[in-house]
Amino acid sequence: MLFLQIPLLAVLLAAGDTEDATAFQEEIGFKITHSLSFYNRSWVKIQNSAWLGDLQTHGWDTNSGRIIFLRPWSKGNLSKKEIKELEEFLRAFSIEMPHKLHRHASEWKFKYPFEIQITKGCELHPGGPIVAFYRFAYQGSEVMHFQNNSWLPSPKGGTTAQDMCRVFNQHLFINNVVHRILSDTCPRFLLSILDAGKADLQRQVKPEAWLSTGPNPGPGHQMLVCHVSGFHPKPIWVKWMRGEQVQQGTQQSGILPNADGTWYLQVFLEVEATETSGLYCRVRHSSLGGQDILLYLEHHHNSMGLIILAVMVPLVLLTALTFWLRKRWSHCEPP
Ligand SMILES: *[C@@H]1O[C@H](CO)[C@@H](O)[C@H](O)[C@H]1NC(C)=O
Ligand SMILES: *[C@@H]1O[C@H](CO)[C@@H](O)[C@H](O)[C@H]1NC(C)=O
Ligand SMILES: *[C@@H]1O[C@H](CO)[C@@H](O)[C@H](O)[C@H]1NC(C)=O
């Protein structure tokens with residue numbers, strides 16, 4: 001039972017303290033991601049977004065070059081001037097970065113089509129400092145990262161990464177601006193939106209759960225699926241159990257976002273079709289205040305019971321009605 005309680009404790013601790021922004025129990029960060037999809041030598045698609053933990057806070061309108069503030073508190077305490085500066089920086093970035101990558105693509109052995117992901121931001125560690133990061137990835141693996149005010153090759157980046165760092169480190173001015181934004185603007189901004197967005201971040205929304213069977217995994221076997229949806233925050237504990245025993249074969253999908261900012265998850269168990277009795281799905285979440293959701297597989301006798309009920313109830317009602325009508329009838333008959 002103890003191993004059940006530990007995740008719960010972690011969830012409760014994560015959601016527990018609402019005193020101030022620095023009291024977040026898990027690391028939480030603000031990050032900007034740029035995804036650049038290079039289709040061919042003349043065509044690139046850029047998507048920019050910004051996130052506070054799991055919540056998207058900002059988008060980007062490619063046409064106007066303006067930041068889209070997705071939450072009422074997304075501006076934090078940035079001044080108009082600072083927002084303008086950031087927009088100019090992003091606009092320049094969206095023009096110059098693709099140019100540079102197109103120009104050097106063959107030298108760096110980038111093969112079209114390819115995907116570049118650039119992530120930057122800063123992270124608050126519980127009881128610790130705010131740490132800035134800035135990473136550059138090609139086809140999903142990191143090539144180089146920014147430290148202090150210069151680019152360093154990642155160990156797996158090879159000679160390409162070294163060449164890239166040499167090129168990127170020629171721009172001393174840009175590197176200094178980036179360093180200032182990461183080490184000064186980002187931490188200030190992070191603290192201010194953690195405070196402004198506290199109610200949204202710590203919002204507690206109860207999950208709904210239901211069961212279904214998945215695609216037949218093979219003869220004599222059955223795939224049980226427990227769906228859990230609409231919860232917030234993201235940490236959750238869902239298992240297939242029998243009695244106090246967590247079923248070893250329990251498997252979990254990724255936790256996917258719903259459109260309203262809540263989360264969705266599926267938990268699977270493959271069983272022999274004859275071995276389903278007593279199985280249930282157990283859901284534990286900070287919003288449930290210790291009242292876990294337990295969902296038992298419906299059994300045959302349950303549905304039999306329902307059928308009997310469905311036949312019996314109208315029958316009883318009909319009998320009662322007949323009685324009543326007959327009584328009334330005799331009542332109304334003229335003497
Ligand atoms: C590049 O890709 C775009 C989008 O797929 C396409 O419309 C365009 O014709 C391509 N250009 C060249 C030179 O291949
Ligand atoms: C970054 O710079 C500071 C001071 O300029 C120095 O103390 C620190 O060691 C540097 N960190 C790294 C990882 O190079
Ligand atoms: C914004 O908030 C941060 C953190 O609370 C604070 O350090 C900073 O001084 C504030 N900036 C302005 C312009 O109010």
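Ligands are counted one by one from 1 in listed order, and the atoms in each one are counted from 1 as well. Model, not experiment: these values are computed from the prediction.
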Please confirm whether F168 and F136 have ring centers closer than 6.0 angstrom.
-> yes
Taking the six-membered ring for Trp, are F93 and H34 ring centroids under 6.0 Å apart?
-> yes
For [atom], grab the closest protein heavy atom and report residue, atom and distance to one decimal in Å.
atom	answer
atom 4 (C) of ligand 1	W43 CD2, 3.8 Å
atom 2 (O) of ligand 1	N40 ND2, 2.2 Å
atom 13 (C) of ligand 1	S42 OG, 3.8 Å
atom 7 (O) of ligand 3	R188 CG, 4.0 Å

Take S64 and D61, measure what side chain to side chain donor-acceptor pair (under 3.5 Å) needs, and give me the verdict at the end.
-> CA-CA 6 Å; S64 66; D61 181 352; 3.2 Å; yes
Looking at ligand 3, does any of its N/O atoms fall within less than 3.5 Å of an N/O of N77?
-> yes
Please work out whether the ring planes of F189 and F30 are parallel, tilted or perpendicular, with thresholds of 30° and 60°.
-> perpendicular
For the residue pair F38 and F114, does the interplanar ring angle fall in the parallel (under 30°), tilted (30 to 60°) or perpendicular (over 60°) class?
-> parallel
For ligand 3, which atoms, with element, lie under 4.0 Å from some heavy atom of L191?
-> 4 (C)
Does atom 9 (O) of ligand 1 have a protein heavy-atom neighbour under 4.0 Å away?
-> no
Can we say R188 and E82 salt-bridge, meaning some charged N sits less than 4.0 Å from an Asp/Glu carboxylate O?
-> yes
